[in-house]
There are 2 protein chains.
Amino acid sequence: MSTEDETVDGVFRALADRSRRALLDALFARNGQTLSELCAGRGMTRQAVTKHLGILESANLVASVKRGREKLHYLNPAPIHEIGDRWISKYERTRLDALFDLKKALESDNE
Amino acid sequence: MSTEDETVDGVFRALADRSRRALLDALFARNGQTLSELCAGRGMTRQAVTKHLGILESANLVASVKRGREKLHYLNPAPIHEIGDRWISKYERTRLDALFDLKKALESDNE
DNA sequence: CTTATAGGCAACCAAATGGTTGCATGTCAA
DNA sequence: TTGACATGCAACCATTTGGTTGCCTATAAG
């Protein structure tokens with residue numbers, strides 16, 4: 001029955017929030033930003049952003065390094081690709097099959 | 001600033017739950033199952049499963065057809081691939097770059 | 001030394017989420 | 001027609017979640 005990987009769940013949960021995806025986008029645009037930088041323009045408090053970054057770090061999507069009094073954040077795209085490779089690609093085979101099944105079901109509906 | 005697509009958000013949120021991914025897996029294994037069939041073995045009530053399927057339908061990941069007194073469910077893998085193509089692949093470029101940035105940051109940490 | 005800046009920690013709160021129970025409805029079968 | 005089976009609908013509940021405010025610590029700059 002292969003219980004799903006714990007890691008996968010964490011990543012999906014982390015990606016479920018718009019603000020967190022926006023943070024990843026920000027790091028994608030410019031890697032190594034400080035907390036304050038990542039807070040700029042977002043309509044929420046620094047503490048809220050801290051929490052989001054915490055969740056992203058728990059999911060291993062972001063790594064951070066303290067330098068002096070500031071904390072630099074780095075994007076780790078690996079888990080995203082794991083999702084792509086291990087999870088999404090699994091559904092590749094059914095691309096057309098599923099639609100066919102559905103159409104067939106719709107037809108036999110009026111028997 | 002390109003506000004993220006509304007669709008993408010719905011899909012990510014739908015995929016954030018283990019039980020819902022399990023339902024997709026079930027339909028992947030055998031397409032066109034009834035509600036009762038999809039309930040079997042899952043440790044929750046039929047109503048809970050109904051809600052999950054509702055969310056999956058809202059995200060367009062599942063389509064359903066009523067046949068007689070039963071409701072058949074069909075997997076729609078298209079939104080999953082949209083995520084893969086439009087969102088995940090975006091992070092493809094940074095595969096190695098990001099790690100490099102991080103290592104560089106770690107080195108310059110002890111200056 | 002003093003002060004401004006960057007960030008951490010914890011309590012608290014409203015709303016969303018995942019789940020339940022109870023009951024109503026529609027459809028097939030005897 | 002009378003059950004039995006498959007599903008729908010709604011109220012309700014506990015927990016999680018996304019966010020806040022308030023305060024405390026540490027480092028850099030004057």
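The sequence lines fix the lettering, A, B, ..., with proteins before strands; numbering per chain opens at 1.
In this structure, the CG atom of B:L15 is 12 Å from the P atom of C:dG18, given to the nearest Å. When rounded to the nearest whole Å, the span between CD of A:E37 and C1' of C:dT5 equals 14 Å. When rounded to the nearest whole Å, the span between NZ of A:K71 and C1' of D:dA28 equals 19 Å. Across the protein-nucleic acid pair, B:F12 atom CZ and D:dG18 atom C1' stand 19 Å apart, rounded to whole Å. The interatomic distance linking A:D17 (CG) with C:dA15 (C1') rounds to 14 Å, in whole Å. One can place CE of B:M44 at 12 Å from C1' of C:dT20, the figure rounded to the nearest angstrom. Rounded to a whole Å, the NZ atom of B:K66 is 10 Å from the P atom of C:dC28. Rounded to a whole Å, the CG atom of A:L53 is 13 Å from the P atom of D:dG18.
Residue-to-nucleotide contacts include no donor-acceptor pair under 3.5 Å from the side chain of A:Q47 to the base of D:dG18. Between the side chain of A:R69 and the base of C:dT5, a donor-acceptor pair under 3.5 Å is found. Contact annotation: side chain of B:R46 to base of D:dG8, donor-acceptor pair present below 3.5 Å.
Considering only the side chain of A:I55, D:dG18 comes nearest among C:dT20, D:dG18, C:dG18. The A:E70 side chain lies nearest to C:dA6 when the options are C:dA6, C:dG8, D:dG18.
Under the 3.5 Å distance criterion, with hydrogens and angles disregarded, a donor-acceptor pair is assigned to the side chains of A:Y91 and B:D25. For the residue pair B:E82 and B:T7, no side-chain donor N or O sits within less than 3.5 Å of a side-chain acceptor on the partner.
Between B:G32 and B:L27, the closest heavy-atom pair is N-CD2, 4.3 Å. Minimum heavy-atom separation, B:D17 to B:S19: OD2-N, 2.8 Å. Residues A:R46 and A:C39 share a closest heavy-atom pair of CA-SG, 3.6 Å.
The side chain of B:H52 places an N or O atom within less than 4.0 Å of a non-bridging phosphate oxygen (OP1 or OP2) of C:dG19. Remark: A:T45 is in phosphate contact with D:dT20, judged by side-chain N or O atoms under 4.0 Å from OP1 or OP2. Using a 4.0 Å cut-off, some side-chain N or O of A:R13 falls inside it from OP1 or OP2 of D:dT17. Put simply, A:R67 has no side-chain N or O that comes within less than 4.0 Å of OP1 or OP2 on C:dA6.
Checking A:S19 against B:K51, the closest nucleotide of DNA chain D that is more toward the 5' end is the one next to B:K51.
When heavy atoms are screened at a 4.0 angstrom cut-off, A:R42 is found touching no nucleic acid atom at all.
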